[in-house]
Amino acid sequence: MDKQELRQDPIREKIIGSLSYLENNRNALFGVLAAIVLIIGVSGYYSSSSKALQVESASDLGVALITFTNDKDSGLMLLSKVLDEGDDASKQVAMATLVNHYYSNDQFFEVDSLMNLGVKITDNVISSKLLSLRGDMRANDGDYELALDAYSSSIDEYPSIEVELKMANAYHQSGDIDKARQMVDAILANDKASNTLKTKSSTLRAKL
């Protein structure tokens with residue numbers, strides 16, 4: 001290959017052209033490299049911060065759960081703190097613990113504050129219990145229409161014979177005796193209903 005052919009080599013020309021471009025645009029190149037370094041640094045910072053938050057949240061959650069088993073009042077306060085300051089995973093566990101506690105003890109007074117926290121509940125059972133508690137609150141206030149809406153939404157989330165009995169009671173209190181009787185009869189005929197629920201249903205049926 002002679003000198004003329006070498007000068008006309010397209011690959012060689014592209015290499016020379018690229019080197020000339022880099023030489024002429026050195027400042028722009030340094031700016032791009034600086035931006036890349038900055039992006040990597042910021043990403044690393046937020047990644048480290050996220051991991052630190054996860055570790056701190058997990059620690060706070062652990063302390064709250066241990067405290068909750070020994071001292072309910074103190075544990076409830078610590079769990080509420082996790083709901084305010086924890087990461088998403090810790091908030092889910094704290095929310096589930098609180099909802100189960102309130103549901104088991106028929107304590108509906110905190111339900112609105114829990115639902116207004118904006119914690120996304122991914123577990124259908126927990127979501128169902130929270131909606132059932134809202135129904136209890138509305139029924140306690142005498143607003144049976146809203147109570148029935150909440151109970152219906154609860155059952156849509158996760159079927160529950162216990163919530164069906166609550167609905168029957170709400171229908172009874174609202175004066176819809178036929179609907180209450182229909183629901184109670186369905187519970188009494190359901191083989192999956194516990195003896196406790198059937199006893200309560202029989203008591204309500206007698207009233208109807």
Side-chain angles (χ1 to χ4, degrees), residues 64-65 67-69 71-84 86 88 90-208:
L65 292 174
T67 303
F68 183 73
T69 60
D71 182 350
K72 289 293 185 290
D73 290 337
S74 298
L76 289 172
M77 291 178 61
L78 292 175
L79 286 168
S80 296
K81 181 181 177 183
V82 173
L83 284 177
D84 289 335
D88 290 341
S90 296
K91 286 182 178 181
Q92 286 283 329
V93 177
M95 176 69 84
T97 304
L98 289 172
V99 171
N100 279 323
H101 172 72
Y102 292 138
Y103 187 86
S104 299
N105 293 279
D106 295 322
Q107 297 176 343
F108 49 75
F109 46 85
E110 294 287 352
V111 62
D112 277 343
S113 62
L114 288 177
M115 297 190 83
N116 290 332
L117 285 173
V119 177
K120 185 177 180 181
I121 302 174
T122 58
D123 187 287
N124 289 348
V125 176
I126 299 301
S127 179
S128 174
K129 289 181 177 180
L130 191 56
L131 288 165
S132 177
L133 286 169
R134 170 167 277 186
D136 295 345
M137 175 176 280
R138 301 305 177 227
N140 183 72
D141 293 339
D143 195 337
Y144 298 109
E145 184 177 352
L146 288 179
L148 288 166
D149 286 343
Y151 290 143
S152 179
S153 297
S154 173
I155 292 173
D156 287 342
E157 282 290 325
Y158 190 83
S160 168
I161 300 173
E162 185 175 5
V163 179
E164 289 176 5
L165 180 56
K166 290 182 178 183
M167 286 190 73
N169 271 301
Y171 278 121
H172 174 224
Q173 294 297 327
S174 67
D176 194 340
I177 305 302
D178 290 339
K179 188 64 176 180
R181 186 183 295 114
Q182 179 183 347
M183 294 200 70
V184 168
D185 288 343
I187 294 171
L188 291 171
N190 192 337
D191 294 335
K192 294 181 180 180
S194 67
N195 291 332
T196 300
L197 288 176
K198 286 196 173 185
T199 299
K200 290 181 178 179
S201 298
S202 296
T203 301
L204 177 58
R205 186 67 173 80
K207 293 178 181 179
L208 298 173

> In chain order, what residues pass the ring pair (Phe, Tyr, Trp, His ring centres under 6.0 Å) check against Tyr102, with sequence neighbours excluded?
Replying inline: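 By the ring pair (Phe, Tyr, Trp, His ring centres under 6.0 Å) rule, Tyr102 matches Phe109.
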>> Checking Phe68 now: which residues fulfil ring pair (Phe, Tyr, Trp, His ring centres under 6.0 Å) with it, not counting sequence neighbours?
In response: His101
> Should the pair Lys129 and Tyr103 be classed as cation-pi, given the thresholds of under 6.0 Å to the six-membered ring centre and 45° from the axis?
Replying inline: yes
> In Å and rounded to the nearest 0.5 Å, what is the CG to CD1 distance from Leu98 to Ile126?
Replying inline: 10.0 Å
Close side-chain approach of [X] to [Y], heavy-atom, < 4.5 Å:
{"X": "Tyr158", "Y": "Ser127", "value": "no"}
{"X": "Asp136", "Y": "Tyr151", "value": "yes"}
{"X": "Asn169", "Y": "Met167", "value": "no"}
{"X": "Tyr144", "Y": "Arg138", "value": "no"}
{"X": "Leu130", "Y": "Glu157", "value": "no"}

> Under the side chain to side chain contact (heavy atoms under 4.5 Å, CB included) criterion, do Leu65 and Val93 qualify, and how do the steps go?
Replying inline: CA-CA 9 Å; Leu65 292 174; Val93 177; 4.3 Å; yes
> Counting only heavy atoms not in Asp71, do more than 12 sit closer than 6.0 Å to its CG atom?
Replying inline: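 Counting neighbours around CG of Asp71, more than 12 heavy atoms of other residues, nucleotides or ligands fall under 6.0 Å, so yes.
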> Does CG in Asp141 sit with more than 12 non-hydrogen atoms of other residues, nucleotides or ligands closer than 6.0 Å?
Replying inline: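 Counting neighbours around CG of Asp141, more than 12 heavy atoms of other residues, nucleotides or ligands fall under 6.0 Å, so yes.
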> After noting the C-alpha distance and the side-chain angles of Ser128 and Ser154, does the key distance pass the side-chain hydrogen bond (donor to acceptor under 3.5 Å, both in side chains) rule?
Replying inline: CA-CA 4 Å; Ser128 174; Ser154 173; 2.9 Å; yes
>> Determine whether Glu145 and Ser174 satisfy the following criterion, side chain to side chain contact (heavy atoms under 4.5 Å, CB included), listing intermediate values before the conclusion.
In response: CA-CA 8 Å; Glu145 184 177 352; Ser174 67; over 6 Å; no
> Is a side-chain N or O of Asn190 found less than 3.5 angstrom from the main chain of Lys192, in a donor-acceptor match?
Replying inline: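 Yes, the answer is positive, given that a donor and an acceptor are paired below the 3.5 Å cut-off.
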>> Main chain of Leu148, side chain of Ser152: is a donor-acceptor contact present, judged purely on distance under 3.5 Å?
In response: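 Pair absent, no side-chain N/O of Ser152 close to backbone of Leu148.
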Non-neighbouring partners of [X] that pass side-chain hydrogen bond (donor to acceptor under 3.5 Å, both in side chains), sequence neighbours left out:
{"X": "Asp185", "value": "Arg205"}
{"X": "Asp178", "value": "Arg181"}
{"X": "Glu164", "value": "none"}

> Got a sec, which residues hit salt bridge (Lys or Arg N to Asp or Glu O under 4.0 Å) with Lys200, two or more places apart in sequence or on another chain?
Replying inline: none
